[in-house]
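Any value given below was found using the heavy atoms of this structure, including those in side chains, with hydrogens, waters and symmetry copies removed. Chain naming here is simple, since letters A, B, ... match the order of the sequence lines and numbering starts at 1 in each.
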2 protein chains.
Amino acid sequence: MAVLKYSRQREAIKNYLQGREDHPSADMVYDGIRGEFPNISLGTVYRNLSLLTELGEIIKIPTEGADRFDARVAPHNHFICKSCGRVMDIMISVKNPVEEINAQWYGGEVEECRMEFYGICNECKKMKN
Amino acid sequence: MAVLKYSRQREAIKNYLQGREDHPSADMVYDGIRGEFPNISLGTVYRNLSLLTELGEIIKIPTEGADRFDARVAPHNHFICKSCGRVMDIMISVKNPVEEINAQWYGGEVEECRMEFYGICNECKKMKN
DNA sequence: GTGGGTGCAAATACTTTGCAACCGA
DNA sequence: TCGGTTGCAAAGTATTTGCACCCAC
């Protein structure tokens with residue numbers, strides 16, 4: 001791609017993501033920054049999220065339904081609620097098995113491991129009672 | 001849901017999945033069984049894949065682009081090629097960290113862990129040379 | 001001034017759904 | 001027969017893209 005040029009919209013999208021604990025979808029980012037940029041378009045949000053993902057400044061997480069985005073790029077793992085779809089960081093570290101996998105598996109070279117833990121979140125458990 | 005009734009299409013879809021090493025999308029399943037059922041519709045394929053997923057007879061794997069489906073329901077992990085999108089089983093077992101997570105994390109109760117390993121598959125490496 | 005970025009709308013990709021006909025129990 | 005299932009097409013959701021205008025450099 002050509003030389004990157006500054007854009008206030010891209011800056012705002014990245015800031016918005018960095019200020020969130022959850023993992024918003026493109027649509028949620030769009031809603032979230034319309035206060036600051038009332039005329040921004042959803043296309044611009046998608047374009048910048050893709051660009052930031054390519055640059056490695058954010059991470060894209062495919063889930064059921066819309067993709068989620070995460071400004072925390074350091075390796076970490078996620079909990080995904082089977083009931084409400086919420087995506088949460090799991091902050092505790094478990095041993096990363098990448099070296100183990102590469103030592104034993106020949107389908108390709110593994111660069112990264114993402115663990116996804118599925119279950120029912122506490123919010124949804126409360127609702128059931 | 002009401003009582004399940006037998007359907008040749010559903011049977012064929014499940015058989016098709018069980019006979020594959022890869023993890024086809026709905027569209028690939030559709031193409032794959034049109035030989036046997038020339039009049040089957042894509043809607044029927046989607047309906048049955050959803051139903052089988054709910055029944056726990058297959059697994060749905062969200063990825064970039066279309067969802068993939070897997071008839072191997074026993075816990076196992078996947079390698080996803082960043083270049084071609086191919087999804088492959090990683091057959092070697094690494095320790096499942098679910099108990100470790102549940103012992104230390106209070107966001108919810110974890111039932112299942114899926115590890116996704118990202119990298120470049122051997123096929124794509126060959127292409128580059 | 002040049003070329004990347006934006007807003008807008010149309011297009012595409014993926015998936016679900018309403019409905020009448022069909023078929024398994 | 002009864003009600004779940006199918007094929008078809010239309011609708012719905014998620015995402016990408018073409019284009020004229022705008023703005024950073």
Side-chain angles (χ1 to χ4, degrees), chain A residues 1-17 22-55 57-70 80 84-87, chain B residues 1-17 22-55 57-70 80 84-87:
Chain A
M1 188 172 301
V3 177
L4 208 62
K5 202 175 282 191
Y6 173 84
S7 110
R8 292 184 304 132
Q9 287 88 336
R10 182 158 56 241
E11 185 79 25
I13 288 170
K14 194 176 167 188
N15 284 341
Y16 179 78
L17 274 183
D22 64 346
H23 304 72
S25 63
D27 213 55
M28 294 159 87
V29 173
Y30 176 61
D31 285 341
I33 66 176
R34 282 171 82 175
E36 191 179 352
F37 293 87
N39 294 319
I40 197 171
S41 77
L42 193 48
T44 295
V45 172
Y46 272 106
R47 265 188 298 241
N48 280 306
L49 288 172
S50 296
L51 183 51
L52 290 169
T53 301
E54 278 172 35
L55 294 174
E57 301 191 19
I58 65 174
I59 286 172
K60 186 204 283 201
I61 310 165
T63 67
E64 314 254 326
D67 291 341
R68 307 305 194 93
F69 297 88
D70 189 350
I80 300 177
C84 67
R86 193 183 313 230
V87 180
Chain B
M1 187 173 302
V3 177
L4 208 60
K5 200 175 282 190
Y6 172 84
S7 111
R8 291 185 304 134
Q9 288 89 335
R10 181 157 57 240
E11 186 79 24
I13 288 169
K14 194 176 166 188
N15 284 340
Y16 179 78
L17 274 182
D22 63 347
H23 303 72
S25 63
D27 212 54
M28 294 160 86
V29 173
Y30 175 60
D31 286 340
I33 66 177
R34 281 171 82 174
E36 192 179 351
F37 292 87
N39 294 319
I40 197 171
S41 77
L42 193 49
T44 296
V45 173
Y46 273 106
R47 265 187 299 239
N48 280 306
L49 289 171
S50 296
L51 183 49
L52 290 169
T53 302
E54 280 173 33
L55 294 174
E57 301 190 20
I58 64 174
I59 286 172
K60 186 204 284 199
I61 309 165
T63 67
E64 314 254 327
D67 291 341
R68 306 305 194 93
F69 297 88
D70 188 351
I80 300 176
C84 66
R86 194 183 312 231
V87 180

Thinking salt bridges, do Glu64(A) and Lys60(B) make one under a 4.0 Å N-O criterion?
yes

When Ile58(B) is tested against each of Leu52(B), Asn48(B), Leu51(B) for side chain to side chain contact (heavy atoms under 4.5 Å, CB included), which residue passes?
Leu52(B)

Ignoring hydrogens and angles, are the base of dG4(C) and the side chain of Arg10(A) linked by a donor-acceptor pair under 3.5 Å?
no

OP1 or OP2 of dG7(D) under 4.0 Å from side-chain N/O of Gln9(B)
yes

N or O in side chain of Ser41(B) less than 4.0 angstrom from dT6(D) OP1/OP2:
no

Any base atoms under 4.0 Å from Asp27(A), or only sugar-phosphate, or nothing? Heavy atoms, all strands.
nothing

dG7(D) C1' sits how many Å from Ile13(B) CD1, rounded?
13 Å

Distance in angstrom units between Arg34(B) CZ and dG7(D) P, rounded:
11 Å

How long is the straight-line distance from OH of Tyr46(B) back to CG of Asp27(B), given to the nearest 0.5 Å?
6.0 Å

Leu42(A) atom CG is separated from dG7(C) atom P, nearest whole Å, by 11 Å

Scan Tyr6(A) against the nucleic acid and name what it touches under 4.0 Å (heavy atoms): base, sugar-phosphate only, or nothing.
sugar-phosphate

Just to be sure I understand the rule, does Asp67(B) reach a base, reach only the sugar-phosphate, or reach nothing, if contact means heavy atoms closer than 4.0 Å?
sugar-phosphate

Ile40(B) atom CD1 is separated from dC22(C) atom C1', nearest whole Å, by 14 Å

Please determine, for the side chain of Ser50(A), which listed nucleotide (dG7(C), dT16(D), dG24(C)) has the closest atom?
dT16(D)

Could you tell me the separation between the CZ atom of Arg47(B) and the P atom of dC22(C), rounded to a whole number of Å?
16 Å

Integer-rounded Å distance: dT5(D) P and Glu54(B) CD:
11 Å

Here the pair of heavy atoms bringing Asp67(B) nearest to Pro62(B) is OD1-CA, 3.4 Å

Using a 4.5 Å cut-off on heavy atoms from C-beta on, say whether the side chain of Phe69(A) contacts that of Met28(A).
no

dC14(C) C1' sits how many Å from Lys60(B) NZ, rounded?
11 Å

Per the atom types in the model, does the base of dG4(D) pair as donor or acceptor with the side chain of Lys5(B) at under 3.5 Å?
no

Can you measure Asn39(B) atom CG to dA9(D) atom P for me and round it to whole angstrom units?
12 Å

Between dG5(C), dG24(C), dT15(C), which one does the side chain of Arg8(B) approach most closely?
dG24(C)

OP1 or OP2 of dT15(C) under 4.0 Å from side-chain N/O of Tyr46(B)
yes

5′-ward residue of the pair Phe37(A)/Ser25(B) relative to DNA chain C
Phe37(A)

Taking the minimum atom-to-atom distance to the side chain of Ser7(B), which one of dG24(C), dT6(D), dT16(D) wins?
dT6(D)

